[in-house]
There are 2 protein chains.
Amino acid sequence: MNSVKIGLLGLGTVGGGTVNVLKRNAAEITRRAGCNIEVISASARDLTKPRICDTAGIELTTQAAEIVENPDVNIVVELIGGDTLAHEMVMRAIANGKHVVTANKALIAKHGNEIFAAAQKQGVIVAFEAAVAGGIPIIKAIREGLAGNHIEWLAGIINGTGNFILTEMRDKGRDFEDVLAEAQSLGYAEADPTFDVEGIDAAHKLTILASIAFGIPLQFEKAFTEGITKITREDVEYAEELGYRIKHLGVSRRTDSGIELRVHPTLIPEKRLIANVDGVMNAVLVQGDAVGPTLYYGAGAGADATASAVVADIIDIARVLTAEPSHRVPYLAFQPDQMADTPILPMEEVVTAYYLRMSVIDNPGVLAEITRILGESTISIEAMIQKAGKSEGDVVPLILMTHEVKEGLMNQAINAIEKLDAIQGEIARIRVESLE
Amino acid sequence: MNSVKIGLLGLGTVGGGTVNVLKRNAAEITRRAGCNIEVISASARDLTKPRICDTAGIELTTQAAEIVENPDVNIVVELIGGDTLAHEMVMRAIANGKHVVTANKALIAKHGNEIFAAAQKQGVIVAFEAAVAGGIPIIKAIREGLAGNHIEWLAGIINGTGNFILTEMRDKGRDFEDVLAEAQSLGYAEADPTFDVEGIDAAHKLTILASIAFGIPLQFEKAFTEGITKITREDVEYAEELGYRIKHLGVSRRTDSGIELRVHPTLIPEKRLIANVDGVMNAVLVQGDAVGPTLYYGAGAGADATASAVVADIIDIARVLTAEPSHRVPYLAFQPDQMADTPILPMEEVVTAYYLRMSVIDNPGVLAEITRILGESTISIEAMIQKAGKSEGDVVPLILMTHEVKEGLMNQAINAIEKLDAIQGEIARIRVESLE
C-alpha cells in the first residue's frame, strides 16, 4: 500500500492532537483513505518541551523551513498559528509544490486570497476545515454539502470562550469579569483574552464562512466587530424576561445592496435551537434557498476535536492526490475565476432589531421624549420593560425592544436620546436577530 | 465550458425539485462546479400529469430504460423510489458505465451491497446523500468530515412524520391517532403510514448511517424496529414530569460484542439539543472519539431540501469525473475491501435504561412484588411516579424509570410482572438514552 507523507509545523495542542489521532486511529483511517498516512517530520521551537503526543519515529527539528523544503513531504500541515512564520512557511510549501493543511483562521482570513492564488498557480490543495469551528465539518458542509444552494445567510456561535462566558453569566447570574477570570484559570481563555472577547477570532472565522458561502474574496478588514465586554448580568436577565438569550454571534447575510459581515452580541429568541448551544460548544446555522435552515453543532476547540478536522483534510488530499487540479473542490467553494465582487455592506446600512437599555430619571414626560426621537428615525417599539422608581426623580432602568431599522438611523437616535437630561450615562445597545 | 449531462428517472416531488434547483441556481452551481450541469432527458410514468417544474428543453419519455441506455447521459439520477424498477435501472446504468445519484433509502439499505460491488467493478460513483435526512449533508459529514474519527455511536431523528406526530402530542396534549390523521391530511404522512410510524423508513436510513460510520456492510434485515403507534399522551406527559422528551430515535452504537442497530421510541433528557428538535425537522447526533459529540440539523424531506442533496452529489461527481476511481471517496466511507464483519448485536443483548408504565391495582405489597422481580433480573429503579387511587383496590398508573440493563433481562422481568394479579393489561416500555 502506498503512503502519504506528512510534515508537521508545530507540536502544540493541535499538532500533538493530530499526531495522537493519526496514531490511535491509523488502522481505521487507512481503511477509509486507502493509503497509509505517516507523519515523517515535525518542527517545534523548543524540542525539550514536554509533548501531549508520542513523537517516536518522527524526525524532529526546530527549523520549520526544513520541513517545507523536504522533498519527501507530500502534505505540509501548518499548526504554528499567527501570521508571520506561518505565512512564510505556507507560501514556501506551496512554491515547492506541496499540498497544505492549516488550522490557522487568522492566516486564511487575512492572507487567504494571496495563498489561494499561489496554490492555484502551483496546482496544489490548501485545506482549512480546522480553521472554523474546530471539529465541526462546516467548511465541507457549505462548500460541498450545500453546493446546490443559493446561500441566503449564516449565523454562528464560533468562539467557545465567549459562549462559555455568556452561558455562565446566564446560568449562574455571574458578572462578565468574574467568569472571564475563571475561563482564564481553566485555560479556555488566553492571558490576553482580546481575540476571544472582542470578537476578532470570531471575525476571522466569519470572514472565511462568508467567502465560501457567497463566493466573495476574503475581506477580514471590512468585518464589523463588537465584543461582549459590555454585556451586564442585567442585560442577560432582561433578555430572559423578554424571551431571548444573548449570544456572541457572527452573522453574514446577502442583501440587495451588499453582504453583511458582522460579529456582535445578539439577542436570539430562546426557542431557536442555536439559542440553546451552551458552554464552550460552537454551532453554525446556514440558510440555503433549497435546503432551508440547517445547523451544525460540536466542539469548536481542543486538541482532539481540532485534530479531527485536520485529519479529515489530510484524508481528502490523500484521496485526490492524483486528480486533475481542475476537478478538485475549489479552495473557497467557487472556482477561483468565479469570485463575485459583491460589496461588503457598511454597518450603517445593516437592518436589524435592537434591544436598548438605559438609565432614566423617573420623571413624567421622559418616555414621551424618547419615543418621539425614535419616531423621528422611523423606529417603532416592540416591547418595553420599565422598572418603576420608589419616588419621582429616581434613576431607573428602561429596556426597549425595537422593530427593524437601519443601524445608521439607530445611531442617530441613540445619540439624540443620550443628550436628554433625563438619561444617565451611555445607552447599552444589543442587536436582535429572529434567525428565521 | 464543458457540460455534464444528467438523465433523470422520475419527475415527482424530488425529481421536480431537482430540475427547479438546477435551473434556479444554474449560474451559482456553475461557478462552484466549474462546468455546466444540464438535464437532457427525464422519464415519468405519465407524461400528461402536471409537474412542479418546467420541463422545457428536457427530452421526456415514459421509458426509464431509454435514459439508462442513452450514450449522452453521464449521470443517471434515480428518483423513482421503491426497489423494483429503481433497482433494475440503477444496475443497468452502472453496467453501462454511468455514474448514479439516488435519493432511494430502501434501495440502498436493501440492495446497496450488490449495487456498490457492481459500481466498484465498473469504476463508477453511486452517491446517495439524499437517501438520509433529506438536505442535511450527513453522509458527507460522517464519510469525509469525520473520517479521522473512530465513531462511537450515532443517534438520529430521521423520520419527519414521526417527529411531527410526537411534537404535536407533546405541545398540544393530543392523541396519536388524532395527529396522524392531521399529518395525512397535510400530506406529511402517506395514506399508508406504516413506513413512517412503524420505523421502517428510519431503519432504512439508520442502516446506511451505521454502514458508513462503522465500516460494515448494509444489514437492514438485522435492524430492530419498533414504531410509535403505542405511545400515549400520558407517556408523553409522564416523560415530561421526569425531565425527558419522547423521540423516535434510530440508534447505532459500537460495543465490544457487536453493533447495535435499533429504531424505537426513546426518552431523552430534555436538556439535550436533539430533544428540542421539533416538528418535521431531522437531526443526527454523531459521537466520534476525536471530535466528541456533533449534531447536524435540517429538513429531512421536501422537494427542494431533498433536491439540495441530490444536486450536491451531482456536483461532487461532476468535479471528480476524471479522477482515478481509487482516489475517490469510497461508497460506504471505507474502502470496499476493508469492510468489517463486526456482528450486529441482537436486541436482547442491547443495554439501555427503561421507562415502564403499568396499570396497577392499588393494594399494599404490590410495589414490593414488582421491585422483587426487577431485583431478580438485577434491575434497579432510578425514579418512580405513583399516582394514588381514591380508595384501596383502585387501578392506578405506576411509572418506573430503571437503571441500565440488558434488554433480555428486562423482557424476562416484564413477562413476570405482567403475570402478577395486580397488573392490568400490558406494560408499556420505552427505552431511555442519556446520549452522553
Side-chain angles (χ1 to χ4, degrees), chain A residues 17 21-22 24-25 28-34 129 134-137 140-141 144-150 215 273 276-277 283 288-299 302 304-305 307-312 314-316 319-324 326-330 333-335 338, chain B residues 17 21-22 24-25 28-34 129 134-137 140-141 144-150 215 273 276-277 283 288-299 302 304-305 307-312 314-316 319-324 326-330 333-335 338:
Chain A
V21 170
L22 281 171
R24 186 170 76 230
N25 295 342
E28 207 151 331
I29 288 169
T30 298
R31 285 176 58 209
R32 287 197 176 95
E129 181 65 78
I136 308 173
K140 184 174 280 285
E144 303 165 41
L146 305 184
N149 286 262
H150 179 78
L273 215 52
N276 295 284
V277 169
D289 72 330
V291 75
T294 57
L295 181 127
Y296 309 84
Y297 162 92
D304 271 23
S308 168
V310 169
V311 173
I314 293 174
I315 296 172
D316 270 0
R319 278 182 181 138
V320 297
L321 269 181
T322 63
E324 286 178 38
S326 65
H327 296 100
R328 291 178 193 150
V329 180
F334 292 77
Q335 300 292 327
Q338 292 296 322
Chain B
V21 171
L22 281 172
R24 185 170 76 229
N25 295 342
E28 206 151 333
I29 289 169
T30 298
R31 285 176 59 209
R32 287 197 175 95
E129 182 64 78
I136 308 173
K140 184 174 280 284
E144 302 165 43
L146 305 183
N149 286 261
H150 179 79
L273 215 52
N276 294 285
V277 170
D289 71 331
V291 75
T294 56
L295 181 128
Y296 309 85
Y297 163 91
D304 271 23
S308 168
V310 169
V311 173
I314 292 173
I315 296 172
D316 271 359
R319 277 180 181 139
V320 297
L321 270 181
T322 64
E324 287 177 36
S326 65
H327 296 100
R328 289 179 193 151
V329 181
F334 292 77
Q335 300 292 327
Q338 292 295 324

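Throughout, a chain's letter reflects where its sequence line sits, starting with A, and its residues are numbered from 1.
Chain B forms more heavy-atom pairs under 4.5 Å with one residue of A/Asn25, A/Val21, A/Thr294 than with any other, namely A/Asn25. Chain B forms more heavy-atom pairs under 4.5 Å with one residue of A/Ala309, A/Ala305, A/Gly135 than with any other, namely A/Ala305. For the set A/Asp304, A/Ile136, A/Asn276, the entry with the most heavy-atom pairs within less than 4.5 Å of chain B is A/Asp304. When A/Val311, A/Ile29, A/Asn149 are compared by the number of non-hydrogen pairs under 4.5 Å with chain B, A/Asn149 comes out ahead.
Across A/Glu144 and B/Ala312, no two heavy atoms sit closer than the pair O-CB, 3.4 Å. For the residue pair A/Ser308 and B/Ala290, the shortest heavy atom distance occurs at CB-CB, 4.0 Å. Between A/Arg32 and B/Ala147 the shortest heavy-atom distance is NH1-O, 2.9 Å.
Of the atoms belonging to B/Ala299, heavy atoms from both backbone and side chain fall under 4.5 Å from chain A. Of the atoms belonging to A/Glu129, not a single heavy atom falls under 4.5 Å from chain B. When heavy atoms are compared at a cutoff of 4.5 Å, B/Leu273 approaches chain A by way of both its backbone and its side chain.
The closest side-chain heavy-atom distance from B/His150 to A/Arg24 is not below 4.5 Å.
The distance from atom CD of A/Gln338 to atom CD of B/Glu28, rounded to the nearest 0.5 Å, is 11.0 Å.
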